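To start, the structure under review is shown below, and the notes come after it.
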Amino acid sequence: METKNNLKAWLYLAPMLILMIVFTFYPLFNAFIISFYKDYLPLANDGAGSITGYTFANYSVILKNQLFWQSIKNTFVLALVSVPVSILISLFIAVALKSIPKLKGFFQTIFFLPYVTNGIAVGMAFAVMFHRDYGLFNLVLSWFKISPIDWIGGTASWWAQMGALMIFTIWESLAFKILVFTSGLQNIDKQYYDAAKIDHATKWTIFKRITVPLLSPLILYISITSMIGALKAYNSVIGLFGEKLGGQPYSMITIVAFVYKYRSDFSFQGFYSYAASAAIILFIITLIFSLIQTTVSKKRIHY
Amino acid sequence: MAEVFVKNEKSYKVQKIISNVLTFSFLGAIAIVVLVPFYWMILTSLKSSTMIESIPPILFLKPSQWQIWNYKALFEIVESGPRAGQPLFPFFTYMKNTIVISIITTIGTSITTILAAFAFARLNFKGRDIVFAIIIATMMIPGEIFILTNFLTINKLGWYDIMNQSYSDAIFAMTLPFMTSVFYTFYLRQTFKQIPNELYYAAKVDGTTDFKYLLKVMIPVAMPTIITIIILNSMGAWSAYIWPAMVTTKDQFRLVSNGLRGAFTDSGSGRTDYGQQMASAALVTAPLLVVFFVFRKQIMRGVSRSGIKG
């Protein structure tokens, strides 16, 4: 009976497990192996691939590659600024929504729109809005007597391009966070707020002393998952800058874009392994963030 | 004493009005910021090229000034180049591909996740918790790491034939790796677990098989969750960009996102036709918004649960 039950359970799991073994577990393992291949040509010998041995050199090659460091810099600056800013804005919005129960649904629906749209289509709309001569952003700046900025064009500075990418990334990522924080706020006991009202606490004190501490497990969880998400930025760069990946070629390259660039050059000896090494480095970085999450969330949850 | 109280009450009311005004202006401003890109997309798509290039930019257009020419141009047949004989923006081809991919992956994902979630939620077997933990852990891994090998696997299966890829090859290549989802399995397992055990034991006593119980009791009870999964999963195909571009060799096999970027920029002069570009972006965005407004509740509920329980 016991073994029969075991077998049956595995039959139910089989479709998912087989797909995951082929398309998740094996590729994870294989990516490590590819990153140690020497002179790898993945499609040679009728798709069997060819190598001349094993090496650690792929990692040292990309660690000496200027484009790789550019991608690390871009990815981290983008993630470290856009994640905290979008969390703060969406917390304020969620708190504001709580105080207007009647129109909450209406505003929530509007704020959720960016989540359901095609990132590339909207990214292209942002690109038009960031146009130096006929864009909306420079028009608004001109109302404040600020001279036009080249945000995403060929003469754009690194900061201007990064600013544009950050604005777009924050705009895109607010939707999910507002929704999650709003439902998180609903679960906070009303008693805390009633008590604060009796004490005539100011809104800022309530926000600082009640809302943030009680939401802290959720804020931490969202910070880490959005950090991991932001480290994988790619579609937003394509949407805003196109395949050129920047105002100047590759100026806004991200780690994922670096992986894809070398992957697409698979007919050059060893390039596929560079892509694999960069992917493994990204994997290790995200692993570190996940570990931080598990340790921190065990240590300090404010209740 | 009473006077002081009345005074306080009054100032409290004034304070409340001020704070309400501030709240509404803040939320209103954010709402404008959220909506402006959509507005700019549609506005630009309705402008002629001289209107687009006017400085300062035109912020409003009367309906009589609308140019539908940009939309018409998308469907005009191109005479030369890689898209010869096809419309300038083969929207309906991309749309058809996207819908086909979305239906196939959604059916596949529903079947594999329902079966797996049932096993994890209801059946007792050796190693269940370990297998579940390992599967959940894969959610943390960036998908980019899988793509490198998956591309080679698709090639080995013969579906990436540079010279001679057939439509069915392309469909297999685009769908097979996405026929399951760890996240939806997790989400569905939570719902399945809420169904009382007594129901299961009662059915067992009546001699109902596990599969029949899943079909007749668990799936109907968990239908709202399953519908949410179906909607969210179907929408995924609209934003798929890199994988379809990677495993298809012909433009006519690709999905909506692939067609958008790169089109409408003249490779010689580097000039972009923003009007046509925004018209195509609006065409791609519109079906998603329609789906969203029809299934607003299910979508928002599904996404908010994913954040809370993830």
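The shown structure was predicted, so the numbers you read here are calculated from the model rather than taken from an experiment. Proteins come first, then strands; the chains are lettered A, B, ... in the order of their sequence lines, and each starts at number 1.
Taking the six-membered ring where the residue is Trp, A:Trp10 and B:Phe125 present perpendicular rings, their angle passing 60° and hence far from 30°. Between B:Phe292 and A:Phe112, the ring planes are tilted. Angles from 30° to 60° get that label. Relative ring orientation between A:His131 and B:Tyr274 is described as perpendicular, the plane-to-plane angle rising above 60° on a 0-90° scale split at 30° and 60°.
Across A:Leu136, A:Val122, A:Asn30, the residue that shares the most heavy-atom pairs under 4.5 angstrom with chain B is A:Leu136. For the options A:Ile280, A:Asn138, A:Thr109, heavy-atom pairs under 4.5 Å to chain B are most numerous at A:Thr109. Heavy-atom pairs under 4.5 Å with chain B peak, among A:Thr286, A:Val95, A:Ile93, at A:Ile93.
Proximity of a side-chain donor or acceptor of B:Asn150 to a complementary backbone N or O of A:Pro27 within less than 3.5 Å is not detected. Put simply, the side chain of A:Tyr260 never gets that close to the backbone of B:Glu144: no donor and acceptor are under 3.5 Å apart. With B:Trp238 contributing its side chain and A:Val116 its backbone, the two residues share no donor-acceptor pair below 3.5 Å. Proximity of a side-chain donor or acceptor of A:Tyr12 to a complementary backbone N or O of B:Phe211 within less than 3.5 Å is detected.
Residue contact with chain B, scored on non-hydrogen atoms closer than 4.5 Å, involves the side chain of A:Ala127 exclusively. Heavy atoms of A:Leu11 lying under 4.5 Å from chain B are absent altogether. Residue A:Ser142: no heavy atom, backbone or side chain, is found under 4.5 Å from chain B. Interface residue A:Leu139: only side-chain heavy atoms are found under 4.5 Å from chain B. With a 4.5 angstrom heavy-atom cutoff, A:Asp133 touches chain B via backbone and side-chain atoms both. Residue contact with chain B, scored on non-hydrogen atoms closer than 4.5 Å, involves the side chain of A:Ile100 exclusively. For A:Val22, the parts sitting under 4.5 Å from any heavy atom of chain B are the backbone and the side chain alike. Using a 4.5 Å cut-off between heavy atoms, B:Leu176 contacts chain A through both its backbone and its side chain. For a residue to count as touching a neighbouring chain, one of its non-hydrogen atoms must lie under 4.5 Å from one of that chain's; by this rule A:Phe25 touches chain B with the side chain only. Using a 4.5 Å cut-off between heavy atoms, A:Ile255 makes no contact with chain B at all. Using a 4.5 Å cut-off between heavy atoms, A:Phe32 makes no contact with chain B at all. Heavy-atom distances place both the backbone and the side chain of A:Leu28 under 4.5 Å from chain B. Looking at B:Thr185, the atoms closer than 4.5 Å to chain A (heavy atoms on both sides) all sit in the side chain, from C-beta outward. With a 4.5 angstrom heavy-atom cutoff, A:Phe283 touches chain B via backbone and side-chain atoms both. Heavy atoms closer than 4.5 Å to chain B are found in both the backbone and the side chain of A:Thr117. The contact between B:Leu123 and chain A is made entirely by side chain atoms (from C-beta outward), counting heavy-atom distances below 4.5 Å. For chain B, the nearby part of A:Ile228 is the side chain; its heavy atoms alone come within less than 4.5 Å.
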For this session: May I have the step-by-step check of side-chain contact (heavy atoms from CB on, under 4.5 Å) for B:Ile145 and A:Leu282, ending in yes or no?
Result: CA-CA 9 Å; B:Ile145 215 165; A:Leu282 177 65; over 6 Å; no

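Taking the six-membered ring for Trp, B:Trp243 and A:Tyr234 have ring centres at least 6.0 Å apart.
Looking at residues two or more places apart in sequence or on another chain, you find a side-chain hydrogen bond (donor to acceptor under 3.5 Å, both in side chains) between B:Thr50 and B:Ser48. Take B:Ser19 and apply the side-chain hydrogen bond (donor to acceptor under 3.5 Å, both in side chains) test, not counting sequence neighbours, and it matches A:Lys203.
The CE atom of B:Met300 sits 9.0 Å away from the OG atom of A:Ser183 when rounded to the nearest 0.5 Å.
A 4.5 Å side-chain heavy-atom check between A:Arg263 and B:Leu148 finds at least one atom pair inside the cut-off.
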